[in-house]
Amino acid sequence: MGFSNPHPSFEFNWGIADVIQALIDAGLRIERLTEYPYSNGWIGFEGMRDLGGRRMAPPATMPSLPLMYAIAALQPQGKQGAGGRGRAVAGAKPITIRPWRTEESERLLTIWLAASRIGHPFLGEDRLLSQKQLVRDTYLPMADNWVAEIDGKVVGFIGLIGNFIGGLFVDPHIRGAGIGRALVEDATARLGRLDVSVYADNQAAVAFYLRLGFVETARKATDDEGLPFAVVEMTRAA
């Protein structure tokens, strides 16, 4: 691919207890702690397996170990400044961004299917419907999901696997209100660098990420399932 990251990388040996205690000392409320049995692009052992999407799992001869974790922490209400963390404004409507609740899975699935029908019609209706069960049972539980809320209603969500955007979907009835941008900017504020893979045929999504400062790093002729749909890999520095 010939891509060389021009940005420096800094690594620190901090244990989970160190990180959690620092968040507690800062007065934050821990909302979620999730461990992942793979890493994003990090090859720490000989024989690590590529699961696709830059997810590297331990060798088959090793037991399943957590190689990555994600923490979601919020500043308690009443301690926020004007507007607060995780807030943006779409016209006159404030957008609240917060961690999802498991009881909201059906609402997220509804948004996912409606947005996928518009963005990924080339996959076909039968495939989208078959993927819906996979999204419900596998992708939602494994991802660090954050929702965008307007007037108390969930209107979009972003699913994160570490720094990788596994999915970004907005209710098609409320497109153009800045919801997708707000979700990406909130994730950037928390995580720094973001990576994403986008179907090349979803030209609107490719253009959206380019507008937000993402740059193309590679292209693949097939998707993670080996289907003949080109995928654009993109990244954005903090």
Side-chain angles (χ1 to χ4, degrees), residues 1-7 9 34 36 38-42 50-56 68 70 72 86 88 95 97 99-100 108 111-123 128 131 134-135 138-148 155-172 175-176 178-227 229-238:
M1 292 182 290
F3 173 74
S4 178
N5 190 344
H7 304 286
S9 173
T34 306
Y36 303 98
Y38 52 80
S39 65
N40 279 346
W42 178 71
D50 189 347
L51 303 180
R54 300 178 66 251
R55 300 169 188 169
M56 305 301 298
M68 186 171 62
I95 302 173
I97 298 176
W100 79 310
L108 269 59
I111 293 174
W112 172 85
L113 183 58
S116 295
R117 281 170 170 161
I118 294 175
H120 305 150
F122 47 86
L123 294 179
L128 289 177
Q131 286 182 342
L134 188 63
V135 172
T138 303
Y139 293 154
L140 285 181
M142 74 184 291
D144 178 23
N145 301 302
W146 292 69
V147 301
V155 293
F157 71 97
I158 187 170
L160 299 157
I161 310 294
N163 294 77
F164 182 77
I165 300 176
L168 174 64
F169 301 95
V170 175
D171 187 336
R175 295 176 69 182
I179 297 164
R181 175 184 288 272
L183 285 164
V184 170
E185 297 296 352
D186 180 80
T188 300
R190 287 182 285 108
L191 301 175
R193 190 198 80 252
L194 291 176
D195 303 313
V196 68
S197 295
V198 188
Y199 280 115
D201 287 339
N202 189 352
Q203 298 179 6
V206 174
F208 165 79
Y209 286 111
L210 289 174
R211 287 196 303 272
L212 291 187
F214 284 76
V215 296
E216 180 178 334
T217 58
R219 286 197 179 223
K220 298 190 299 184
T222 59
D223 65 10
D224 289 342
E225 298 180 47
L227 298 174
F229 300 113
V231 173
V232 182
E233 296 184 355
M234 312 176 79
T235 191
R236 170 182 163 175

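The figures here come from the full heavy-atom set of this structure, side chains too, leaving out hydrogens, waters and symmetry mates. Remember, predicted model here, so these are calculated numbers, not experimental data.
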Does the distance from a Lys or Arg side-chain N to an Asp or Glu carboxylate O, for R236 and E185, drop under 4.0 Å?
yes

Could you give the distance from OH (Y139) to CD (Q131), rounded to the nearest 0.5 Å?
7.0 Å

Sequence-distant partners of R55, salt bridge (Lys or Arg N to Asp or Glu O under 4.0 Å), two or more places apart:
none

To the closest 0.5 Å, what do you measure between CG (L227) and CG (L123)?
7.5 Å

Could you tell me if the side chain of V198 sits less than 4.5 Å from the side chain of F208, heavy atoms only?
no

Just how far is it from atom CG of D224 to atom OG of S197, taken to the nearest 0.5 Å?
6.5 Å

Evaluate the criterion side chain to side chain contact (heavy atoms under 4.5 Å, CB included) for residue pair M56 and L51; output intermediate values, then yes/no.
CA-CA 6 Å; M56 305 301 298; L51 303 180; over 6 Å; no

Which atom of A187 lies closest to which atom of L194, heavy atoms considered:
CB-CD1, 4.1 Å

Taking D144 for the side chain and T34 for the main chain, is one N or O donor matched with an acceptor at less than 3.5 Å?
no

For N163 and L191, the nearest pair of non-hydrogen atoms, with its separation, is ND2-O, 3.2 Å

Distance-only donor-acceptor pairs under 3.5 Å for side chains of residues 164-171, two or more places apart:
| residue | atom | partner | partner atom | Å |
| --- | --- | --- | --- | --- |
| D171 | OD1 | H173 | N | 3.0 |
| D171 | OD1 | H173 | ND1 | 3.0 |
| D171 | OD2 | R107 | NH2 | 3.0 |

If you measure from the Lys or Arg side-chain nitrogens to the Asp or Glu carboxylate oxygens, is any gap between R219 and E233 under 4.0 Å?
no

Should T222 and V231 count as side-chain neighbours, where that means a heavy-atom distance under 4.5 Å?
no

Residues W100, W146; criterion side chain to side chain contact (heavy atoms under 4.5 Å, CB included); working and verdict
CA-CA 5 Å; W100 79 310; W146 292 69; over 6 Å; no

Looking only at side-chain N and O atoms, does T235 offer a donor or acceptor that is under 3.5 Å from a partner on D195?
yes

Taking all non-hydrogen atoms of both residues, which atom of A115 and which atom of P172 are closest, and how far apart?
N-CG, 3.9 Å

Work out which heavy atom in Y36 is nearest to a heavy atom in L160; give both atom names and the distance.
OH-O, 4.0 Å

Is there a side chain to side chain contact (heavy atoms under 4.5 Å, CB included) between Y38 and I161? Walk through the geometry before answering.
CA-CA 10 Å; Y38 52 80; I161 310 294; 2.9 Å; yes

Shortest non-hydrogen pair, G119 vs N202, comes out as O-CG, 3.4 Å

Run the numbers on L183 and I97 for side chain to side chain contact (heavy atoms under 4.5 Å, CB included), then give the verdict.
CA-CA 7 Å; L183 285 164; I97 298 176; 4.1 Å; yes

How long is the gap from CG on L212 to CZ on R181, to the nearest 0.5 Å?
4.5 Å

So, do F157 and L140 sit near enough that their side-chain heavy atoms are less than 4.5 Å apart?
yes

Student check: side-chain heavy atoms of E216 and L210 closer than 4.5 Å:
no

Nearest atoms (heavy-atom pairs only) where A182 meets I95:
CB-CD1, 4.2 Å

Just checking Y199: does its OH atom have more than 12 heavy atoms from other residues, nucleotides or ligands closer to it than 6.0 angstrom?
yes

